[in-house]
Amino acid sequence: MKLFIPELIRRKRDGEPLDPEEIDGIIQGYTSGDIPDYQMAALAMAVFFSGMNDTELFALTRAMIESGQALDLSGIPGIKVDKHSTGGVGDKISLPLASAVAALGVPVPMISGRGLGHTGGTLDKLESIPGFSVDQSMKQAAALLERHGLFLIGQTGELAPADRKLYALRDVTGTVESIPLIASSIMSKKLAEGIDALVLDVKVGRGAFMKERESARELARTMVSIGRASGKAVRALLTDMSAPLGYAVGNALEVRESIDLMRGEGPRVTTELTLELGAEMLILGERAGSVDEGRELIREALEDGSALSKFQEIVEAEGGEPGVCDDPDRLPTAREQVVIPAVQGGVIAAIDPMRVAMAALEVGAGRRVKEDAVDPATGVVLLVEIGDEVEEGEPVAVLHHNGRGDDAARGWLLGAFEISKAEPKRLPLIIERIS
Ligand code: URA
């Protein structure tokens, strides 16, 4: 079918649904290069404003899966369970979580992304480990899963290439924060990676793409329904992203915090989220019968060292320096460390994740344009959490930098801490469970 794209853009702009065949044609045309970026950007913006009904949404997800090859893991025994986060600041949970769940015998095929917008990406964190290669072919990925019960890799060229292209386009055209576009992007990748079940960590709050609970809930329900329509078991947790997750924001700094967590010495919040998401994964993988049992199993895997040795095993298998797990000082470190003082005394009432993310971006921990190289050593380490009492001038964060962007980053950080006289209202970490 020959499509006339300007007419489809007009129809979508005016709120009319597109047919599944038209959506299929758009995705095929965009993947092959017949549809240029400017028409696809206009279509993405039309979807941003007009949304999509379920028929369009399922057709878009299917077309993105069919733009490439799906990974076939059916020959590997066990229920394969993955987790995906919609993106946040300081979200390093994938590293300890995948390692703990795999150490408990549930196979975890995990394909992750790079930083998008202000959010960090698991691939950038893994690449801060010297030698680690996230570029593994489909054959290598299947072999890793068979041998180690785990892979931590990037999206291969063959897997949902339409999403890879569209994701990069959305990042620079103001079309990221759209429920149908986020849901189809995440679910096309996840359904193409050969999973049986999936846990979604849908972030809500200032540091998330979804700022309000209602829109986060709708995103979670949309993804659960796409998964269910494909016969997969999907559960979603709505979790708080009103402050950075844990202390470290920046790639090697987050790997360091993850290693601490796998030594049973992680910050309370990141440990708690690992237990909650891990419990859901173990239930879907039929390794635990209840959330309580699942939490206990994950806690043991973190405390007895088995999660860390699984992580070390996969780091080595993917070409990384396994010694970083015994000695995190082998990770890249920044030349300069600058202490950020509290501007007044009182109780930490809020820590703005966007300002912390901007500070990390200024010193090179993230990208402004997709061609930017990331500096793995840089970022921010918070020294306080919400509810802590501080005196004026007391250190609240440390900025790690290599001589670039530190003045601007300092400005972002000085304004990131809301300090009040009253005890702050604490938000629960797990806001809602959707299954
Ligand atoms: N993560 C994805 O994979 N896609 C999006 O659109 C947003 C977050």
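Atoms within a ligand are numbered from 1 in the order they appear, just like the ligands themselves.
- Seen from the ring of Phe209, Lys203 does not count as a face-on cation partner, given the 6.0 Å and 45° thresholds.
- Distances between N or O atoms of Lys189 and those of ligand 1 include at least one value under 3.5 Å.
- Note on residues 96-109: no pairs pass side-chain hydrogen bond (donor to acceptor under 3.5 Å, both in side chains), not counting sequence neighbours.
- Taking 4.0 Å as the cut-off, Ile182 counts as a neighbour of ligand 1 on heavy-atom distance.
- Between the side chain of Gln155 and the main chain of Ala160, a donor-acceptor pair closer than 3.5 Å is present.
- No more than 12 heavy-atom neighbours from other residues, nucleotides or ligands sit within 6.0 angstrom of CD on Glu212.
- Close contacts between ligand 1 and His84 involve ligand atoms 1 (N), 3 (O) [criterion: under 4.0 Å to a heavy atom].
- Partners of Lys310 by side chain to side chain donor-acceptor pair (under 3.5 Å), not counting sequence neighbours, listed by chain and number: Glu313.
- Of all atoms in ligand 1, numbered sequentially from 1 with element shown, those under 4.0 Å from a heavy atom of Ile186 are 1 (N), 2 (C), 3 (O), 4 (N).
- Note: an N/O pair closer than 3.5 Å links Ser185 and ligand 1 by distance alone.
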